[in-house]
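Chain naming here is simple, since letters A, B, ... match the order of the sequence lines and numbering starts at 1 in each. Below, all heavy atoms of this structure are taken into account, side chains as well, without hydrogens, waters or symmetry copies.
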There are 2 protein chains.
Amino acid sequence: MLPNTLCKELSSIVGREHILTSPEDLVAYSYDGTSVEHRPDAVVSPLDVEQISRVMQICNREAIPVTPRGMGSGLAGAAVPMSGGISLCLTRMNRVLNLDAENMMAHVQAGVVTADLQAQVEARGLFYPPDPSSIKHSTIGGNVACNAGGPRCLKYGVTGDYVMGLTVVLADGRILQTGGKAIKNVTTYDLKNLFVGSEGTLGIVTEVLLKLIPLPKFARTAMAVYPMLEGASATVNNVLRAGVLPATMELMDHTTIGTIEEYLRLGLPTDAAAILIIEVDGGDEDTVTKEIETIGRVCRESGASEVRVAKTEQERNDLWRGRRSVSPSLARRRPNKLGEDISVPRAAIPEAIRRIKAVGDKYNLPISVFGHAGDGNLHPNILYDKRDPAEVRRVEQASRDIFGIAVELGGTLSGEHGVGVLKLPYLGMAESPIEIELMQAIKRVLDPKGILNPGKKFPCSC
Amino acid sequence: MLPNTLCKELSSIVGREHILTSPEDLVAYSYDGTSVEHRPDAVVSPLDVEQISRVMQICNREAIPVTPRGMGSGLAGAAVPMSGGISLCLTRMNRVLNLDAENMMAHVQAGVVTADLQAQVEARGLFYPPDPSSIKHSTIGGNVACNAGGPRCLKYGVTGDYVMGLTVVLADGRILQTGGKAIKNVTTYDLKNLFVGSEGTLGIVTEVLLKLIPLPKFARTAMAVYPMLEGASATVNNVLRAGVLPATMELMDHTTIGTIEEYLRLGLPTDAAAILIIEVDGGDEDTVTKEIETIGRVCRESGASEVRVAKTEQERNDLWRGRRSVSPSLARRRPNKLGEDISVPRAAIPEAIRRIKAVGDKYNLPISVFGHAGDGNLHPNILYDKRDPAEVRRVEQASRDIFGIAVELGGTLSGEHGVGVLKLPYLGMAESPIEIELMQAIKRVLDPKGILNPGKKFPCSC
């Protein structure tokens, strides 16, 4: 619990009603999208950069841990205040401050929900491409903290590719502004990208200047069915080689297809090894049509037994419905799931999936694999029941084995969810002691007292 | 001069013939693409990462300054050994170590010449897009050190966008490997991009893993002529809004056009305020043709008085010949030129050019402006004679005024050349004390003795 004098001091900055300390409130801020839980001592919801700066001055003076938080949709436990202290909730800072159509940039507060930003931007004929699955219940600040991705990364890149500038409150309350509207800038070290993906351990990202692009006017979608995994994997390169860069190439494996079909009865091919959902988009209808035709041909040449191209918007929605229903479908099959987020070289996808299946067999656990085939970013979801302690132990072992597979194949632990606390025990499998030491040293520069989201991203050096 | 015992120790690592100490050799390594000069005490040319690691262990032990160097084509003085010590020349390390067509990546040594890499990659139907003007006489290591750009950045991005992984020898000789073939990776802080653009001040980049893309099979080029600057600027956004993303949108102003025409007699419109050279490329011929037609229409609607679309490869080369001849043309007009590299928000281009012209009038100096309109990255070139001290002083004042214009318009000092020593006196105009302090602090973490390219990029904190 925070001493009363401190609560009063914080109240004088953000207002009494924006500090929560009752047990029921603290519980509400003790978890994120994972099963990790720890209560903060207080929840503080500031209104602007200035208030955050003053809050941080106090927390730095008193060495109080601060865990920044958006909507709490994270999948690695990064927003869970593991050391207590303050949960700094940025959801009141949810405004688009400026939309500069001429330079195609949006200046937003960190607490804006990504889908809300997209809607505002699209109303002006512009486009903010990153589309994490949490898009309707995650914030830009959280997306920046995790360098969030999504299905559209193959063509459009990840969150960090759209960050032109940041306002960051440092651990001691100083306000750093870095980057700006100049598209090319080599005047400083790349401080901006140091904060992107740092999971709130280096500073509080409070405002973000985002690059926008013209809204693509047309999209076409196809589903390709593969009797063999290799065909799905080969399709990715063959499509790119044919000169087409699809917006998405989403893969679902045999287990995933079966699980969705059991739930929704969409008529999916339950005997297939994998399906790909491929979407192209662009500003010219004829080009987009031609591209989806090329894709159909390449899919067949690469081993697809069937290609369905959506002819209407309704058919397109039907194709996406299955992909969007993966999570609820899996939830019906077993009470709990551990969703991993490994990233492997694109060409290693079939081998990765085969080995993950073997892990499922070894530990007698159903594992569904789906993800972003174009990027080699796979989400193996281990289905289990957390009331069974033996099963929980097997899940932990399977999880470690899956990380081992990713690293052995030249990949890494996380493509878009981050390390948080969940992947911390495995970090040494993917990263060298030098890398971990450099992260710790950079952390000490920016947060000498270690108050910013302590115990996350890498092992503490203290 | 280095003590004999040290020369012997270094010889035992790289071989006697790969250490140069004669005055004539030292002069050859005392400059880059600028007029900045300073001799090293010795030039050391290692063969591989291991040798560099051993050289750095010695330099760290003895606190000898080390300035890494590729082909010395830099335009900010970053490769000039201002503090003496060792010029570490990486041009022997010029091999493509691996070309992975399936994952579309190339693993190269830092000393490979960018054009050589491109040729090898293109022979396999793949493409490495970054194309700095120095492409035939600059190395990948130098490109990484400066985060080099080029005309194709609008569509394809800068060098850093293609860096998937780095091998870096740290100041103390330890070897850091960061990144890899996983396209998405949020497991660590973005250490990779900390080294990209750091101008050799944080570590010696020795090997680079580069992303490749499919080689575009078709390209079409147009030249649009504008009686008013605003038309050229408006064209950029209007083309993007029309759903076309050109590979290049190169701008040349009135002075530049006149200078080229005087030299080459290409029939360029010397009365125009500006011309744009716009190129589209892609994997489908019909699409590319359609795009260049759209561009022609949009240019006219945006205020172009004339649009010439190249119908043959010969006509395309003719259009590019003017752009490629900017530097030699300028060299004919006055003995010396100072080429700046400001970056402004795209919409600010006309205002930037107008103000730069006023600076030229104020100091009675011809200033030619050309550059990458799609990115807002302009190269104002001040033409002068360095034998005239009064003129040199006016050039310095004009240069400061131009940086002031860039910053006032929301831009910055350098889009792709870097800070080196030439822009050091002006850094405070663009970057806040906090940013400079953070850079200094990160430098101290990675290079506690300050031996790596001292006196570059930002003011020393020692």
Side-chain angles (χ1 to χ4, degrees), chain A residues 102-103 146-147 149 153 158 174 176-178 180-191 193-194 196-198 214 216-217 237 240-244 282-284 287 290 343-347 375-377 410-416 418-419 427 430-432 434-435 438-439 441-442 445, chain B residues 102-103 125 146-147 149 153 158 174 176-178 180-191 193-194 196-198 214 217 237 240-244 282-284 287 290 343-347 375-377 410-416 418-419 427 430-432 434-435 438-439 441-442 445:
Chain A
E102 213 181 349
N103 285 305
C146 294
N147 200 4
C153 295
V158 293
R174 285 185 302 168
L176 167 73
Q177 287 186 312
T178 187
K181 288 189 182 178
I183 295 172
K184 288 161 75 180
N185 183 349
V186 295
T187 308
T188 60
Y189 290 159
D190 189 348
L191 299 176
N193 275 310
L194 195 56
V196 173
S198 67
K217 295 185 189 73
N237 257 28
L240 297 177
R241 288 275 194 171
V244 178
D284 181 74
T287 301
K290 199 167 168 179
S343 190
V344 297
R346 205 153 54 195
D375 307 308
N377 184 198
T412 192
L413 310 183
S414 179
E416 55 187 18
V419 173
L427 193 69
E431 308 306 332
S432 67
I434 301 184
E435 276 181 297
L438 281 182
M439 287 198 281
I442 290 169
V445 162
Chain B
E102 212 181 349
N103 285 305
C146 295
N147 201 5
C153 295
V158 293
R174 285 184 302 167
L176 167 72
Q177 287 185 312
T178 187
K181 289 190 181 178
I183 296 172
K184 289 160 72 180
N185 183 349
V186 294
T187 308
T188 60
Y189 290 158
D190 190 348
L191 299 177
N193 276 309
L194 195 56
V196 173
S198 67
K217 294 185 190 72
N237 257 29
L240 297 176
R241 288 275 193 171
V244 178
D284 182 72
T287 301
K290 199 166 168 179
S343 190
V344 298
R346 205 152 53 196
D375 307 310
N377 184 197
T412 191
L413 311 183
S414 179
E416 55 188 18
V419 173
L427 194 69
E431 307 305 334
S432 67
I434 301 184
E435 277 181 295
L438 281 182
M439 287 199 281
I442 290 168
V445 162

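Residue contact with chain A, scored on non-hydrogen atoms closer than 4.5 Å, involves the backbone and the side chain of B:Asn185 alike. Only the side chain of A:Cys153 comes within less than 4.5 Å of a heavy atom in chain B; its backbone stays farther off. With a 4.5 Å cut-off on non-hydrogen atoms, A:Asn237 touches chain B through its backbone and its side chain both. Of the two parts of B:Glu431, only the side chain, counted from C-beta on, holds a non-hydrogen atom closer than 4.5 Å to a non-hydrogen atom of chain A. Heavy atoms closer than 4.5 Å to chain A are found in the side chain of B:Val445, but not in its backbone. Using a 4.5 Å cut-off between heavy atoms, A:Asn377 contacts chain B through its side chain alone, with no backbone atom that close.
Once rounded to the nearest 0.5 Å, the distance linking OG1 of B:Thr187 with CG of A:Leu413 reads 4.5 Å.
Looking at A:Leu240 and B:Pro214, their side chains come closer than 4.5 Å, going by heavy atoms from C-beta outward.
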Legend entry - Test log, rule side chain to side chain contact (heavy atoms under 4.5 Å, CB included), inputs B:Ile442 and A:Leu191: CA-CA 10 Å; B:Ile442 290 168; A:Leu191 299 176; 3.8 Å; yes
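With sequence neighbours excluded, the residues forming a salt bridge (charged side-chain N to carboxylate O under 4.0 Å, His left out) with A:Glu416 are B:Lys184, listed by chain and number. Applying the salt bridge (charged side-chain N to carboxylate O under 4.0 Å, His left out) criterion to A:Asp190, with sequence neighbours excluded, gives no partner residue.
Top candidate by heavy-atom pairs under 4.5 Å with chain B, chosen from A:Gly243, A:Gly283, A:Pro345, is A:Pro345.
Across all their heavy atoms, B:Ile183 and A:Ser343 have their closest contact at N-OG, 4.2 Å.
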